[in-house]
Enquirer: 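One structure is given below, represented as structure tokens, and several questions about it will come after.
Throughout, a chain's letter reflects where its sequence line sits, starting with A, and its residues are numbered from 1. In this text the structure is predicted, and so the values were computed from the model without any measurement.
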Amino acid sequence: MPELPEVETIRAQLAPRLVGRRVTGIEIRDPLLVEPADPARVVSALQGRRIEAVERRGKYLLCALDSGATLALHLRMTGRLHWRAGEPAPGEERFLRALVRLDDGATVSFGDQRRFGRMRVVPAGTDPAEYWAGRLGIEPLGDAFTARRLAELMAGRAAAIKTVLLDQSLIAGLGNMYADEALFAARVHPARPAGSLSDAEYRALHRAIRKRLRVAIAAGGASIDSYRDGLGQPGRMQELLLVHRRAGEPCPRCGTIILKRTLGQRATYWCPRCQPDPAGGPAHAGTPEGTRRDHEGVSR
DNA sequence: ATTTTCCCCTGCCGGC
DNA sequence: TGCCGGCAGGGGAAAA
């Protein structure tokens, strides 16, 4: 699923191809895609406009227009953006929701199998991310995100650290996959109360978050399910994942079998030896209950 | 104020 | 072969 590294990969590919181009046409094929539900408004806001910048905030992609307005997109679960030098071949895009045409003959398609993705036009003079999301947290790769800041954000929270890492109003851009990866790299059990880590653990987690995100960006994102980059190509990060979607496989660090459980409505993967649960009972292999159905370790 | 639960969507996959 | 339940998870709203 597109998280920060996947959106950043797409942004980096689209920016040089879109900036300076003018929109010559836009087709909204799925009214559900636009918010508020008024496709005509999106069309009129885009038609004839020149794209001045393509940026990212959290998991949002932001296209600044010469009108001062911004086209904001969120891919959610299965959204894809695909730039092509020309028109997509008939039938090439199976779940096409929208198509944008540019003045150099290129097109950008928005495909989305599950129709959770959204786009909206943010009026001039408004912070696009704030306008849409209400409040977005700190950029985990920005300079302002320090270990101390992370500790402050987590302070006093009793909810599981994994769940809190997914809260976009605190840190913007982490999703289920990279939360698992960062916690493993930092050797922190995902169910630990968010405010209960030691200073050393917050430092390790801070480092791990940035490291895993950077590795993922360098690898062009993770094509676990339907993710493709801005040119339709799969990423390589799925091969570099440490624990996520690897239940039943050996831990890359110690060889212990990786476990899976549901935490906060989300599948969660961890190594019971590298990430011991201080509060929770037997973190050893052979835990009597709750692990019986955790044997689907088929990925790749 | 924080935390938890439910819901939105649809393709895919394993089981029967 | 085909139907069916379960699963995937970002995010927002509602409930606790």
Side-chain angles (χ1 to χ4, degrees), chain A residues 1-8 10 29-37 56-61 72-81 91 93-98 110-120 128-137 140 152-183 190-196 213 216 221-228 237-238 241 243-248 260-269 292-300:
Chain A
M1 312 293 148
E3 302 179 24
L4 186 154
E6 286 73 30
V7 178
E8 178 58 28
I10 293 170
R29 300 214 183 165
D30 181 3
L32 194 58
L33 179 64
V34 299
E35 239 173 37
R56 179 194 59 75
R57 178 79 171 89
K59 301 173 192 172
Y60 291 84
L61 200 65
L73 306 129
H74 199 301
L75 301 174
R76 293 281 182 91
M77 308 288 293
T78 53
R80 290 183 187 183
L81 287 173
E93 195 71 38
R94 192 173 163 198
F95 306 107
L96 184 65
R97 306 294 177 204
F110 192 136
D112 191 0
Q113 174 188 99
R114 289 174 61 185
R115 305 173 71 201
F116 281 138
R118 295 291 183 268
M119 70 165 64
R120 75 187 306 165
E130 301 293 314
Y131 178 84
W132 192 344
R135 177 166 163 242
L136 267 191
E152 288 168 1
L153 287 169
M154 300 295 119
R157 296 181 183 276
I161 182 95
K162 157 97 183 265
T163 306
V164 178
L165 288 179
L166 295 178
D167 185 339
Q168 303 297 300
S169 72
L170 299 175
I171 301 172
L174 289 179
N176 202 39
M177 176 166 47
Y178 296 112
D180 278 355
E181 294 293 287
L183 287 166
R192 294 269 302 280
S196 73
L213 291 178
S223 292
I224 276 190
D225 290 313
S226 59
Y227 166 76
R228 292 293 182 275
M237 187 61 193
Q238 65 279 6
L241 292 179
V243 293
H244 187 75
R245 301 249 189 149
R246 293 202 185 280
K260 172 188 177 184
R261 64 173 273 203
T262 299
L263 203 164
Q265 320 283 71
R266 298 289 181 260
T268 296
Y269 302 81
R292 275 188 299 274
R293 58 191 177 79
D294 298 336
H295 295 303
E296 72 264 35
V298 259
S299 50
R300 90 177 29 230

Enquirer: Could you verify whether a donor N or O on one side chain and an acceptor N or O on the other, from A/Tyr227 and A/Glu3, lie under 3.5 Å apart?
Expert: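 No, A/Glu3 and A/Tyr227 have no side-chain donor paired with an acceptor closer than 3.5 Å.
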Enquirer: Quick one: A/Phe95 CZ to B/dC9 C1', roughly how many Å, whole number?
Expert: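 Atom CZ in A/Phe95 sits about 12 Å away from atom C1' in B/dC9.
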Enquirer: Base, sugar-phosphate or nothing for A/Glu3? Non-hydrogen atoms, less than 4.0 Å.
Expert: sugar-phosphate
Enquirer: In whole angstrom, give the distance that lies between atom OH of A/Tyr60 and atom C1' of C/dG10.
Expert: 9 Å
Enquirer: Note every stem involving DNA chain B: at least three consecutive Watson-Crick or G-U wobble pairs, i with j then i+1 with j-1, with both distances under 3.5 Å.
Expert: B:2-8 with C:10-16, B:10-16 with C:2-8
Enquirer: Quick one, which residues of residues 153-173 of chain A touch DNA chain C with a heavy atom under 4.0 Å?
Expert: A/Gln168
Enquirer: For the P atoms, the ones on B/dA1 and on C/dG11, what distance do you get once it is rounded to whole angstrom?
Expert: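 Roughly 23 Å separates the two P atoms.
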Enquirer: Taking A/Gln168 for its side chain and A/Leu174 for its backbone only, find out whether a donor-acceptor pair lies under 3.5 Å.
Expert: yes
Enquirer: With sugar-phosphate meaning primed atoms plus P, OP1 and OP2, does A/Arg76 contact a base, only sugar-phosphate, or nothing at under 4.0 Å between heavy atoms?
Expert: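 Base: the residue A/Arg76, judged by heavy atoms under 4.0 Å, touches a nucleobase.
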Enquirer: What integer distance in Å separates A/Leu73:CG from C/dG10:P?
Expert: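 Distance, rounded to whole Å: 18 Å.
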Enquirer: Can you measure A/Arg114 atom CZ to B/dG11 atom P for me and round it to whole angstrom units?
Expert: 10 Å
Enquirer: Looking across every strand, which nucleic acid part, if any, lies under 4.0 Å from A/Arg94 by heavy atom: base, sugar-phosphate, or nothing?
Expert: sugar-phosphate
